[in-house]
Amino acid sequence: MPSDKSFAKLPGFRDFVPAELALRTHIFEAWRRVCRRYGFMEYDGPPLEPLGLYVEKSGPEIVEQLYNFADKGGREVALRPEMTPSLARILAQRSRGMAKPIRWFSIPQLFRYERSQRGRLREHFQLNADIVGEAGVGADAEVVAVAIDAVSALGLGERDFVARVNDRRLVTAVLDEAGVAEGHRAGVLAVIDKAGRAGPAGTRAGLAALGVGEAAARALAELVADGSWDHLRDRFRSSGPVLAAMQPLEEYREILEAMGLGGYLSFDFTVVRGLAYYTGIVFELFDRAGEMRAICGGGRYDRLLELVGGEPLPAVGFGMGDVVLGELLRDRGALPDAVPACDDYLIWVEPAQRSQAMKVARALRRHGRAVLYGLAPRGVGKQLRTAARLGAARALIIGPDEAASGTVTVRDLASGRQDAVPVELILRGDGAGL
RNA sequence: GUGGGCGUAGCUCAGUCGGUCAGAGCGCCGGAUUGUGGUUCCGGAGGUCGCCGGUUCGAUCCCGGUCGCCCACCCCA
């Protein structure tokens, strides 16, 4: 309710007060931990990139959804909406000298100029993890394993989320087999992508609107209604190309089952991913309840690096945003415990003991304790109340009695027990941990 | 960009068919308790009822616009 609108926060952007930054930090730490376990190295790039980097990859219509402008030098620039083009550009310049495969991850802040909705803002942070230089399905499996672990490390499991997987090459083979003309392919992919939301009738209408033949439309509608692996294999058992296109996903599943992650996998013929540059296995992570938009999306993009002028290198990776994931954690009660503001709360009873208190605070801090004390005189009761509210483990009281006897009263705030500890011990650090 | 819903204290929300209707709970601050806390009791601060305009004797309440949030569409990270 700011009276001066000009100072209001921009729509779709967030402030991170400590309580909210704690969740973001919690998520980032889990992401970094998991990526390191898989041997990924962290990188970053500039948040502002040449507009052309995105136009080249996604076409002119992408500009509608970007934060873009001309800088003072007349360059057309954009705040990065995704990380993959930057990664491709970075690697295009130096991948030749690097050992393959390259395992890199990043947690960039990304921007899009779109109307915000739940789970979708104009700004978010996104974990990107990619393996570059390996075309085999082993890399695909490795990458989805990272994505699954990046979520499960936050306390969610098989009952909470699922990885829906598909293969662009398989979809193409099926479309060919069903008699979809090559010119209709992109349009049909878009309709399949929406099948979950549009429903069977909407899907049929969408296909009809494209001018797909009757027989092809019926075949596709059938697959969308029952896109299970067994049904697919049965339906196309006499089609060599389709059966061949099913092989990589079979191997992919075997690897992930060996890792113990098979329970997360679910084949889904309608997962095709909107981005044009995917060339092979694609996947999305969803909450099991199906209440939210995708937590994560990714797949194989073997042509992208040469598209931006690099050496032709196969690549596979994913992006996982902090917004939907954070909401899911909130819904499932998987939020991190609040971190106490301090370990020790120091109470000086009279101004005469203030110097002694500062000395003790200094010693405790030097030994790694987080220490707070009242900046202005207040009653002991009030200070203890503050200590309790801050979640301090101990209160250290220094009054005339302690000053006279050369001690500090150390009170355990959970149990209420307290002892007189010689101040010399605390200054030396011996009393720091108690 | 299109359509719909909503917008009252820091938070969650009540309320007025337009006339002491500006409230509750939680939170915050203070006191009971000037050397012992998370309970309890008492008190206090804090809102031009999103903003602008219109109708009216009078608008937080009705109307229009605007901004923001939410939902669906579009699009997808």
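A, B, ... follow the sequence lines: proteins, then strands. Residue 1 opens every chain.
B:U33 and B:G10 have their C1' atoms separated by 28 Å, with the value rounded to a whole Å. Between the C1' atoms of B:A22 and B:G47, the separation comes to 8 Å (whole Å). Comparing the same atom, P, in B:A9 and in B:G3 gives a spacing of 29 Å after rounding to whole Å. Across B:C74 and B:C67, the matching C1' atoms stand 22 Å from one another, rounded to whole Å. Nucleotides B:G54 and B:C71 are separated by 35 Å at their P atoms, to the nearest Å. On the P atoms, B:G46 is 29 Å away from B:C69, given to the nearest whole Å. For the P atoms, the distance from B:U8 to B:G15 is 14 Å, rounded to whole Å. A distance of about 16 Å separates the P atoms of B:G18 and B:G64, rounded to the whole Å.
Positionally, the nearest nucleotide of RNA chain B for A:K382 lies more toward the 5' end than for the other of A:S415 and A:K382. Residue whose closest nucleotide on RNA chain B sits further toward the 5' end, between A:F13 and A:A190: A:F13.
The phosphate of B:C28 (OP1 or OP2) has a side-chain N or O of A:R389 nearer than 4.0 angstrom. Phosphate proximity of B:G37 to A:T386: absent, as no side-chain N or O sits under 4.0 Å from OP1 or OP2.
Here A:L413 lies in heavy-atom contact (under 4.0 Å) with a base. A:L121 comes within 4.0 angstrom of a nucleotide base, judged by non-hydrogen atoms across all strands. Contacts of A:A414 with the nucleic acid, taken as non-hydrogen atoms under 4.0 Å apart, include base atoms. Using a 4.0 Å heavy-atom distance criterion, A:R120 is classed as a base contact. Contact annotation for A:G399: base contact, defined as any heavy-atom pair under 4.0 Å involving a base atom. Contact annotation for A:G12: backbone-only contact, meaning every heavy-atom pair under 4.0 Å involves sugar-phosphate atoms and none involves a base. If you check every strand for non-hydrogen atoms under 4.0 Å, A:I347 touches nothing. Backbone-only contact: A:R378 has heavy atoms under 4.0 Å from sugar-phosphate atoms and none from a base. As judged by a 4.0 angstrom heavy-atom cut-off over every strand, A:Q117 is placed among the base-contacting residues. Within 4.0 Å of A:D401, counting heavy atoms only, lies at least one base atom of the nucleic acid. Across all strands shown, A:E123 has no heavy atoms under 4.0 Å from either base or sugar-phosphate atoms.
Listed nucleotides: B:C76, B:G37, B:C69. Nearest to the side chain of A:R112: B:C76. Taking only side-chain atoms of A:R293, from C-beta outward, the nucleotide of B:C76, B:C70, B:G37 with the closest atom is B:C76.
On a pure distance criterion of 3.5 Å, a polar donor-acceptor pair joins the side chain of A:E402 and the base of B:G35. Below the 3.5 angstrom threshold, one finds a donor paired with an acceptor across the side chain of A:Q418 and the base of B:U36. Evaluation of atom-type donor-acceptor distances gives no pair under 3.5 Å for the side chain of A:R115 against the base of B:G1.
Remark: P of B:C41 and CZ of A:R385 are 13 Å apart, rounded to the nearest angstrom. We find that CD of A:E350 is positioned 10 Å from C1' of B:U34, with the value rounded to whole Å. Computed from coordinates, the A:D15 CG to B:G68 C1' distance equals 14 Å when rounded to whole Å. Following rounding to the nearest Å, A:M320 (CE) and B:C76 (C1') show an atom-to-atom distance of 17 Å. In this structure, CG of A:L346 is placed 17 Å from P of B:G35, rounded to the nearest angstrom. Atom C1' of nucleotide B:C74 and atom CG of A:D193 are separated by 13 Å, given to the nearest angstrom. Computed from coordinates, the A:Q383 CD to B:G30 C1' distance equals 16 Å when rounded to whole Å. For the pair A:W348 CH2 and B:U34 C1', the computed distance is 14 Å after rounding to whole Å.
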Next on the checklist: For a salt bridge (Lys or Arg N to Asp or Glu O under 4.0 Å) check, start with the C-alpha distance between A:R300 and A:D140, then their side-chain angles and the critical distance, and finish with the verdict.
Outcome noted: CA-CA 7 Å; A:R300 179 165 284 285; A:D140 294 80; 2.8 Å; yes

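Summarising the base pairing, B:U16 is matched to no nucleotide, lacking a Watson-Crick or G-U wobble pair whose two defining distances lie under 3.5 Å. With a cut-off of 3.5 Å on both Watson-Crick or G-U wobble distances, the partner of B:C69 is given as B:G5. Under the Watson-Crick or G-U wobble criterion, with both distances below 3.5 Å, B:C74 is left unpaired in every strand shown. Pair check for B:G43 finds B:C29; Watson-Crick or G-U wobble, both atom distances under 3.5 Å. Base pairing of B:U34 is not made with any nucleotide, judged by Watson-Crick or G-U wobble geometry with both donor-acceptor distances under 3.5 Å.
Contact check on A:D160 versus A:R332 returns a salt bridge, with a Lys/Arg side-chain nitrogen under 4.0 Å from an Asp/Glu carboxylate oxygen. For A:E114 and A:R120, the salt-bridge test passes: some basic side-chain N is under 4.0 Å from an acidic carboxylate O. Classification of A:R14 and A:E123 as a salt-bridged pair holds, one side-chain N sitting under 4.0 Å from a carboxylate O.
Atom CD of A:E182 sits in a sparse spot, with 12 or fewer heavy atoms from other residues, nucleotides or ligands closer than 6.0 Å.
Cation-pi check for A:R164 over A:F286 is met; the charged atom lies under 6.0 angstrom from the ring centroid and within 45 degrees of its normal. Seen from the ring of A:F111, A:R122 does not count as a face-on cation partner, given the 6.0 Å and 45° thresholds.
Classification of the A:F267-A:F269 ring pair by plane angle, with boundaries at 30° and 60°, yields tilted.
Under the 4.5 Å side-chain criterion, counting only non-hydrogen atoms from C-beta, A:L127 is in contact with A:F105.
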